[in-house]
Every structure is written in structure tokens, then in C-alpha cells.
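What follows is a single structure, written as C-alpha cells, with notes after it.
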Amino acid sequence: MQNRDVTLTPGTKVDRKKLPIWLSRLEGPQTVGSGPGFWSLFVVALIVAALYPLFANDYAVGNTAYFMVWTFMAMGLGVVWGYAGALSFGQTAFFGLSGYAYGVLTINFGSAYGFTLLSLLLAVALGALFALLIGYFMFFGRIRGVFIGIVTLSVTLVLEAFMAQTAGPQWAIGSARLNGFNGMSGMPPLTIPWFDGPILLYAGTSLYYVLLGLVLFCYLGLRMLLNAPFGNVLVAIRENPERAEMLGYDIRIYQMLAFTLGGALAGLSGVLYTAWGQYITPSSMGLMSAALPIVWVAVGGRSDITATLIGSLLVLATFQSLTIYGSQYALVVMGALLLFTVLVTPNGLVLEAMHAIRRLTGGRGQ
Amino acid sequence: MELLAAAFAMFYQFGDAFAFLVIASAGLAVIFGMMRIINLAHGEFIMCGAYVTAVAARTGLPLALAILLGAITAGLIGMLIERLVIRHLYHRPLDSIIATWGISLIATQGVLIVLGSTMAGIGTPLGSVEVGGQTFSAYRLVLMACAGALLIGLYLLFYHTRFGVLARATIQKPETARALGIDTRRVYGLTFGLGAALAGLAGGLYAPTMTMVPTMGATFIVESFVTVVVGGADIFVGAAPAAAILAVIKATLTAGYGQLFGQIGLLVAVIVVIRLLPGGLSAWIKKTGR
């Protein structure tokens, strides 16, 4: 919709032919940013991010890693809401489920032989499976619009209520106590098996690089996916579900798969969060937590994955600096920011800024 | 006699669940049914009604008047918010949800900052009645009567008053209604105010039974959402049967396994219902009735 005016310059078109098809999909009609201008900016940003730990103190590096933990959930919501047009309020349900699953698995089976990585995969798969189940009932029931928001929000609130009442010794899976409202703690951090002993990924520089790699992988992977036929169909469904259906696409399957992908990414955030702080509480699935991904994605700009990523990091950083002055005011500011975005810049602040830059540079670069 | 007491206990549990579902969802259902907007600040209007009721009752106002005051306050705030925010978002239903969520965040945190994390509540009035050796709260019986009165009142309002005719004309054919000289903006404004006032009424009615915390609205959210989704688009046809069916599920599960499983049961019910009856109960009733 907003990206209709993105056309490839003749020069890049020639280049595209030499590239393998999956690589050429790094740029396309569904993502903002193409051509040498954009990619050189991208490489500069990547180099700055890679060199950052050399100049910043450990606390700042750990903190930035913490921000990156959340970006997966944000990008997942960007796909579900911005691209597929299904506004989900319940991404935190998958976040929490996967986070708890990681805790239960690692507390029971330890962290030797890289089991934490297997746990990560299993926990993310569980989150994705849950999203697939919910998505099946929602999209094959053909509910749409506001109802999707209601159902997903109800799911996460009920999950929160369930986990909050699991206090007491009878609520344990193996040796993992769920601990009700206080949450589960004591799970090991992620470990990477290495020749001279495993590398423990505590909050710090090593975790920072792993997360940077993951963000890069997911971001570029999503760009390729969204510019592939799959992404085109998602956008077609968002713009006009009936027309997409008339063209012969089973929109239910596409929406369900997009929702599953969103669930998996939210689950990844959940696992990384749990491993980062070695604890998770039911309130991570509550009303306040559920509102946060919406704020990041809405303020950044939902219909473009780059805007979503940048916006989330910006809002997270703003939110944290506000929290220093009092977390209670921070939430009021978030609410106001949400209202402002909806009323004044419905496409999102970052996306509007990116469009402005592109107009200034004459259609090239961002 | 034993049997009668058991039957009364069952009726009481069902009636309690039914009353809660009807009262909690009425405001949300009116706004959704009339304007196709899901008001995510619904819980905060409930909280507003409850707070005003509690404060007014503690200053010595009779409870019924205090509840009325709570409802009116919530309704006025609702009309103000409609004027400032919602009015600009009629053509963007998803954005209006986001906006009302923003309002909800501001309201919850604002109340927390200004009034603190908890407030002195008011005790449940009217004491209890004894039936067959078991005691039941008399106030909850009053709430059941209120739920019934609310349903009848809304029916009369929308089907037997001038406002009701104008409002129904406005939902069914906004353009025609406008062409016939109905001020549809005013109708929307009044409807939103009515929805907010009903939410405030819910808060006021349940204020004596709950702890006063800024997040108290959240306890109503799941139940009211579920009722509206199961009821479907036409709330006048769907909401009451939806509340009745859900009340059976909730009362049975709550009696057997506790509050939480009642809620989980509701959620499973709604997910199954949307799979089988995509339009909700109202669409199904209309189709089979035809």
C-alpha cells in the first residue's frame, strides 16, 4: 500500500539477474529500502553494532542485549498485524509459554552437551504449535478484525491467571516448580558447547553477539520471506481478503501460517528473555505486558519490517530511560504515545520518517 | 426439602454467573453492536464507576444513589473521550482498539499514581439469606435482579423509544439515516456515552463485592469479551442467550474446580463457538429463525 511507489532502478534490475532468487528477495515491493544507498547504510549500522561492545561498558552492552531480546516478538507481530492484517493482542501468550517451557526443560535436564540450545528449539516449537492451534480455530472459523484481538487477548490473560495460581509444591513439572505469582527461576543460561568447555551466555558481550547474529538472521530471513510469493499473498489478504480468495488463494492457511510464524518469534523472545534473566513470571503475560509489543510496533510502523525493528529498539530505549524517572509515569507516556501515533501518524513514526528520507533522496536509498 | 435447597444452590450459582456476564458485558456489547468498536478501555470505565461509587458511599450517600453517580460519571467521561478521540477513528476499527488501549494504559497508571495502589472499599450490604442450611449473599440475589432489569431496560430503550429508533437506523444504514436528517454523530456520541455509563454501572454494582485496585477492570475483561464474541454482531439477539449458555459452563466448572477453571472453560467455549458458528449466536439464531 505505502510501498507501491518503490520501483527498482534499471541498474539494480540487471544486478538482480545475477543473484540467486532467494538472495534477490532481500529487496522487493513489500519492504522499504533498496539499492546501494540502503545497503551501505545497513552495513554501516551493522559495523557500528558489531564494534559497540569495544567502546561501551559491560552494563550498557548487557542492556542493549536485553533490548534485542524483545525485537523478535516485535518483528513477529509486524508480520501478523502489519503484513497479514490480523491484529493480535496475545503475542505474550506464546512468549510466556515458550519461556516457561525453556525453564521446565532446562531445570529438569540440565544444560550439558548444549541441551539449552535443544531446549530453545523445543520451547520455540511449542510456542509455534500453540499459535498454530489458536490460529486454526480463529482463521478457519473465519473470524477477523477486532475479534482476533479479543480472542488472543483473552488467551494470554487466562494463561496469566492460570500460571499465577500455580503456587505450592503440587504445581511442579518434574523438578521445576512453577511458583505461582512469583514466577520460575533458577534455570541455566544458554550455553554453546565448545572444545575447552561450554561457553555460558550470561548477560554480557558474548550474549550480545549471539543476539546480534540472531536479529540479523531473522531480519534478513523475514525480508526474503516477505518479498517471496508468501509475503505478497499476505499483503493481498491484508488489502482485500475477498479479492485474494477470488484469485484462488486459501487465505485461511496463509493467515494461520503467518500467525504461527508470529507465535514462534514471540516464543523465541520468551526463551531468550528467560535465559537472559534466569526467571520468568506470569505477569509477562498480563495486560500491561501484552500492550507493550503493540506500542513498539504501532509507534515504529507496522507495515514494514525495518520500521518495526528500528521502532521497537527506539521505544524500548525511551521506555527504559523514562523508567529511571519512575516506571509508573513511563506507562502513562506509552499510552499517550500510542494515542498520538494512532491520531497523528497512523503509519508509525519511524515509517513516516523513512518515507520522508526517501522523498528527500529522490527515491533512492531508504 | 433437601432437593429444593440443592436446586436453589444450583440456581444461585447459575444466576450469579449469568448476572456477572450480563452486567459486565452490557457496556461493551452496546458500543460494539452499535459502532463496531471494541472499547478496550471498558475495564477502566468499570473501575471508574466502582471508584466513584465507593467514594460516594463512604461519604454517606445511599448505595443506590452512589452507584447511579458512578454510572453517570463514567458516562460523561465516555462522551468526552468519544468527542476527543473515538470520533476521528470511525473508519479505522483496528486503530480505535489501539487508541482505547492507550486510554486504558493512561487511566490505569494515572489512577495508580494519583490514588495509590489500593483504596478503602465498601462492605457487601444486605447480609445473607439461609436456604436449607446454606447461606447465600442477599446482595448477589439483588445483582441477579439487576441483570434482568438491565436486559429489559435495554430492550425497551432500543425498541420502544425515539432514541432507540434513531440509533438502530444509524447502525443499519448510516448514510440513509443521515440523509433523513438524523444527526448520526450525536447518536454515536450518546451511544458511546451509554456504553461507558453501563460499564460504570457494572463497576458500581460490583464495587461492594471487590477490592478496589486500579487494575480491577481487568477482572471483567475476559468475561465481557467472551460474551460479546459468542453473542455475535447483533447484540440484541445474541448477548442474552450467550450469557445464559456461558453462565451454565462457568457455574458448572467454577463449582467443580474453582474460579480459574470457570474462566478457562469460557475461553475454550468461545474458541469452539467461533469455529462452529463464525457469526456468533446471533447470526445462527437469525439463520435458523428464517
Side-chain angles (χ1 to χ4, degrees), chain A residues 81 85-87 89 133-134 136-166 286-288 290-292 294-295 297-299 302 326-344 346, chain B residues 28 32 36-41 43 84-85 88-89 92-110 112-113 117 215 217-219 221-226 228-229 232-233 258-261 263-268 270-280:
Chain A
W81 178 21
L87 173 49
F89 285 145
L133 185 75
I134 304 279
Y136 166 76
F137 277 101
M138 288 197 310
F139 297 115
F140 279 73
R142 291 201 175 274
I143 64 162
R144 56 171 63 167
V146 293
F147 285 115
I148 292 171
I150 297 179
V151 172
T152 48
L153 185 61
S154 305
V155 168
T156 191
L157 291 183
V158 169
L159 217 57
E160 183 208 11
F162 177 77
M163 293 314 296
Q165 55 88 54
T166 54
L287 200 57
M288 289 292 165
L292 292 178
I294 306 284
V295 178
V297 177
V299 172
R302 56 182 180 270
S327 60
Q328 32 186 359
Y329 294 101
L331 276 169
V332 176
V333 174
M334 284 299 118
L337 196 58
L338 208 50
L339 264 183
F340 175 82
T341 310
V342 168
L343 290 173
V344 183
Chain B
L28 192 73
F32 176 70
R36 291 289 171 273
I37 285 178
I38 286 289
N39 174 22
L40 273 183
L84 295 176
V85 179
H88 309 287
L89 301 172
R92 288 147 52 193
L94 285 187
D95 281 353
S96 66
I97 304 187
I98 305 289
T100 50
W101 203 345
I103 293 167
S104 148
L105 282 178
I106 297 172
T108 313
Q109 275 312 109
L112 183 70
I113 293 167
S117 58
T215 50
T219 38
I221 284 276
V222 172
E223 270 85 353
S224 42
F225 280 179
V226 164
V228 170
V229 174
Q259 192 89 37
L260 177 74
F261 282 88
Q263 231 181 23
I264 293 176
L266 288 187
L267 189 68
V268 173
V270 75
I271 289 174
V272 173
V273 165
I274 55 173
R275 180 70 191 88
L276 300 178
L277 309 170

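All chains are named by letter (A, B, ...) in the order of the sequence lines, taking the proteins before the strands, and each is independently numbered beginning at 1.
Contact annotation for A:L337: neither backbone nor side-chain heavy atoms come within less than 4.5 Å of a heavy atom of chain B. Proximity to chain A (any heavy atom under 4.5 Å) is restricted, for B:L40, to the side chain, taken from C-beta onward. If you measure heavy-atom distances from B:I221 to chain A, the contacts under 4.5 Å come from the side chain alone. Of the two parts of B:S96, neither the backbone nor the side chain holds a non-hydrogen atom closer than 4.5 Å to a non-hydrogen atom of chain A. Looking at A:I294, the atoms closer than 4.5 Å to chain B (heavy atoms on both sides) all sit in the side chain, from C-beta outward. The contact between A:A290 and chain B is made by backbone and side chain atoms together, counting heavy-atom distances below 4.5 Å. Neither the backbone nor the side chain of A:V333 comes within contact range of chain B, judged by heavy atoms closer than 4.5 Å.
The OG1 atom of A:T341 sits 10.0 Å away from the CD1 atom of B:I98 when rounded to the nearest 0.5 Å. Note that the CG atom of A:L159 and the CD1 atom of B:I264 stand 8.5 Å from one another [nearest 0.5 Å]. Atom CD1 in A:I150 sits 3.5 Å away from atom CD1 in B:I38 (nearest 0.5 Å).
Among A:I134, A:V151, A:L153, the residue with the largest count of heavy-atom pairs under 4.5 Å with chain B is A:L153. Chosen from A:P346, A:A298, A:G149, A:A164, the residue pairing most often with chain B at heavy-atom distances under 4.5 Å is A:P346.
Heavy atoms only, all atoms of each residue included: B:L267 and A:S154 are closest at CD1-CB, 3.4 Å. What you find for A:A336 and B:I106 is that their closest heavy atoms are N-CD1, 3.5 Å. Nearest heavy atom pair, residue B:A99 against residue A:V342, reads CB-CG1, 4.1 Å. Taking every heavy atom of both residues into account, B:V85 and A:L343 meet most closely at O-CD2, 4.0 Å.
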